[in-house]
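Numbers restart at 1 for each chain; the letters A, B, ... are given by sequence-line order, proteins then strands.
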Amino acid sequence: MRITKRIALAISAIAFAASIGAAGAQEQVVRIGTEGAYPPFNNLTADGKLEGFDIDIANALCEEMKVKCEFVTQDWDGMIPALQAGKFDAIIASMSITDERKKKVDFTNKYYNTPPAIVAPKDTDIKGVTKEDLAGKTLGVATSTTHYNYSEKTYTDSEIKGYPSSQEFLLDLANGRLDAANDDISVIEEWLKTPDGQCCKIVGAVKPVPEIHGPGAGIAIRKGETELADKFNAAIDAIRKNGKYKQINDKYFTYDVYGGES
Amino acid sequence: MPSKWTLLSWGPEGWLDDIFQGVFITVSLAAATLPLGLAIGFFVALAKKSEEPSLKLAGDIYTTIFRGLPELLTLFLVYYGAQIGLQNVIRLFRPEASVEVNSFVSGMVALGVVFSSYASEVFLSAFRAIPRGQYEGGYSIGLSRGQTMRLVIMPQLIRVALPGLANLWLILLKDTALVSAIGLSDILRQSGIAARVTREAFLFFGVASLLYLVLAIISSVGIRAVERAVSQSEAR
Amino acid sequence: MTMAQSAVAEAPPPPVRRWTRQRIVGHALVGLWALAGLGLVYFLISGWNPPLFERWAPAYLSGLGVTLKLVLISSVVGALLSLPVAYARMSRNRFLSALAYGYVYFFRGTPLLAQTFLIYYGLGSFRPQLQAVGLWDFFREGFNCAVLAFSLNTAAYQAEILRGAIQSVPRGQWEAGAALGLHRLQILRKIILPQALIVALRPYGNEIILMIKASAIVALVTVLDLMGQTRLAFSRSFDYQTYIWAALIYLALVESLRHGVEWIERRITRHLIR
């Protein structure tokens, strides 16, 4: 029948549009998912290039592993589903290693660990970072982050507003929609250097809670792909030892972001 | 602080080139979705006007689902679900294979099914506007079912359905903005990045809106030309 | 789909219906749908996770409440706004009608998502000016910005629905009213609107349905509507079920509204059927 034949044609056309490839041992390309909205760790420049600590670390690791890195940008919310769905092979996007995430993906060892902090306008009356200090305030956090989980649990007397990425709530903090925001201290420090960041200051660092914040940021890979995880771990150790890590660290930070040995 | 004109210039300092890449993505997504949506919509309409109850039921279920779900949700369902589903199916045959449904294809499929469920309604009412006598006339001069459909019904159908389909095209153009949420660099996403980086949110979202408006105006001009062409061929 | 199965089962035994191609294709397609429905049910049952459900059920309910509140407020405000717009659109005053045309064209020609961003982030960057006129408290809230964007947007659509409906009433009705010595407003209220609203009911219903579906985008400007809660639930659990639940809720909402509108339409057009 003509109609069914045409439907079949249409369906096969769609199937072709989705490329089918075999990921075998001869493949030397590792696709890395990252966000591109989290300076100084990963960010998109005006001409659409990726830059930042995560990107440099990823390139150094790939060089160490003798594979070719290909970057894929992906919104934060869809990062883990996209990894599971095979849109890329590893996430190098400052993703904290948490038990919640470990149920869905595997992690390498950490590649850095910096504490979270609270940022607020310079004229703020917020004195500290406890639940009482922030009672009745509006707090901006990126959803699907450890910071959101922490804020939701800790600041139960505050109004928590969830944003798709850090960039949006920092914009809203500068606009004055928010009384404070919670994010990684290095990200906040980087932002405070920008013209917009002039409005604000760091109120204080939050003491990380191991059950929520985990041991630091790691590289996420699909469950069970231990071979890739081992390769990444070996590469992390190697660049820590050969000075490559320190070189990248010093390009972005004045202090050591790796944190203590865990 | 660079001036607004620098921000809107072409090149590494400005964002205009990036935003125009977005225009290209938006237009090609809409253009790729249109034939898919029209084809599915036409067949669904055929099913719904059929006298066979099971065909009708299948068509009705289709439109109920895809007209009832928010477009954004359909997009997420396709983007995450189709990938996982396809992957599982393909692994049944070739365990080592991996499929990639990129965000462009996801957007095309999601917008296509939404478009087709509305288009099927447009086609259906156009079918109803064509008198039975037209089919009978076709058969009586010895045309087959397919020929009658192609030579007699279709030309009239297109003319009747055109205004409705034109409207759906305009809706489709606007719906493409949703793909920015699954990471496709369309007009809205590119402007959003520009707004975020430069802190000129009003400027860039304003520019994005104007670009959609320009696309709509160009479409209206195009649609009018097509309508004129169709009605002229009718007059002759 | 269980509905599909029961419909097939309840059909009376066909007398001597032949298995035409159409029938085979039709049954195959319904079978496919039934299979997809069963697959979905299986997926939901096999992955059933009581703690997840208990954790998120109240959140989904509150999200649903936010969605409904947003749509309700916006459609009422939009309906009020649409009156002057529709009036201006039909006015003989060139300037007025051009202005209204521009308004309608802008809001119908650009994506609602872009309009929402324009109001939330765009106007949000004019805080000093807004504070000076005392409007900042309003614009501070994502929900208010969404209501504003949705109201302005639906006002444009509703104005066109209203205009179309009023113009669908034959001119003779106006003239007959005038011949009876009625005032224009009286004619509008007593003769034209009752007829126009019958025509407008279905488009109005569709507009509300479109708004419910479109409201999913407010999740992108920090409003925790049904979609917002769904995204949150998904981002915490990475369980695909969370999206399926939302899909079922939206579907049920839209379907019941659609049937409601059809029911009202049947009731108010009873006098026209005879």
Side-chain angles (χ1 to χ4, degrees), chain B residues 26 46-47 50-62 64-65 67-77 80-81 84-85 114 170-171 173-178 180-181 187-188 191-192 195-196 199-206 208-217 219-220, chain C residues 1 3-4 7-8 11 17 20 22-33 36-37 105-106 108-126 209-210 212-217 219-220 226-227 230-231 234 240 243-244 246-247 250-255 258:
Chain B
T26 296
L46 274 185
S50 149
E51 277 152 23
E52 167 60 39
S54 60
L55 259 182
K56 218 166 163 165
L57 180 65
D60 283 338
I61 295 174
Y62 182 86
T64 304
I65 291 177
R67 288 201 311 171
L69 290 179
E71 291 79 358
L72 189 62
L73 190 57
T74 310
L75 201 57
F76 282 138
L77 288 174
Y80 297 129
I84 296 168
V114 174
L170 294 175
I171 293 174
L173 263 184
K174 292 185 288 169
D175 277 353
T176 56
L178 297 174
S180 58
I187 296 178
L188 196 60
S191 329
R196 222 160 59 187
R199 308 297 188 201
E200 289 283 355
F202 195 78
L203 176 71
F204 281 108
F205 286 126
S209 302
L210 285 182
L211 284 173
Y212 281 107
L213 216 51
V214 169
L215 289 182
I217 291 170
S219 303
S220 311
Chain C
M1 296 283 133
M3 198 183 77
V8 173
R17 279 175 59 201
T20 57
Q22 284 199 353
R23 227 179 133 203
I24 296 169
V25 174
H27 278 72
L29 287 176
V30 171
L32 268 181
W33 276 123
Y105 205 95
F106 178 80
R108 297 210 312 171
T110 56
L112 182 53
L113 187 56
Q115 294 161 17
T116 310
F117 280 162
L118 193 61
I119 288 177
Y120 184 79
Y121 286 117
L123 288 184
S125 56
F126 294 107
I209 289 175
L210 287 180
I212 290 178
K213 299 200 305 167
S215 70
I217 63 168
L220 302 175
L226 181 53
M227 189 68 181
T230 307
R231 282 170 72 102
F234 183 69
Y240 197 62
Y243 274 125
I244 305 285
Y250 274 114
L251 216 52
L253 194 62
V254 166
E255 271 308 286
R258 201 163 63 88

Under 4.5 Å heavy-atom distance to chain C, tell me which part of [X] shows up: side chain, backbone, both or neither.
X: B/L215; value: neither
X: B/L188; value: side chain
X: B/S220; value: side chain
X: B/T176; value: neither

Exercise. Would a 4.5 Å heavy-atom cut-off, applied to side chains only, mark C/W33 and B/L57 as touching?
Worked result: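 Side-chain contact under 4.5 Å: no.
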To the nearest 0.5 Å, what is the distance between [atom1] ([X]) and [atom2] ([Y])?
X: B/Y62; Y: C/L32; atom1: OH; atom2: CG; value: 13.5 Å
X: B/F205; Y: C/I119; atom1: CZ; atom2: CD1; value: 12.0 Å
X: C/I244; Y: B/L77; atom1: CD1; atom2: CG; value: 5.5 Å

Seminar exercise, completed: When every non-hydrogen atom of C/L118 is compared with those of B/G206, the smallest separation belongs to CD1-N, 3.3 Å
Exercise. With distance as the sole test, does C/K213 use its side chain to make a donor-acceptor pair with the main-chain N or O of B/L72 at under 3.5 Å?
Worked result: no
Exercise. Where the side chain of B/K174 meets the backbone of C/L113, is there a donor-acceptor pair that is under 3.5 Å apart?
Worked result: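 No, because the side chain of B/K174 does not come within donor-acceptor range (under 3.5 Å) of the backbone of C/L113.
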Problem set entry | Options B/A177, B/A201, B/G68, ranked by heavy-atom pairs under 4.5 Å with chain C, top entry | B/G68
Exercise. Side chains of C/Y250 and B/T74: do they bring a donor and an acceptor to under 3.5 Å?
Worked result: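 No.
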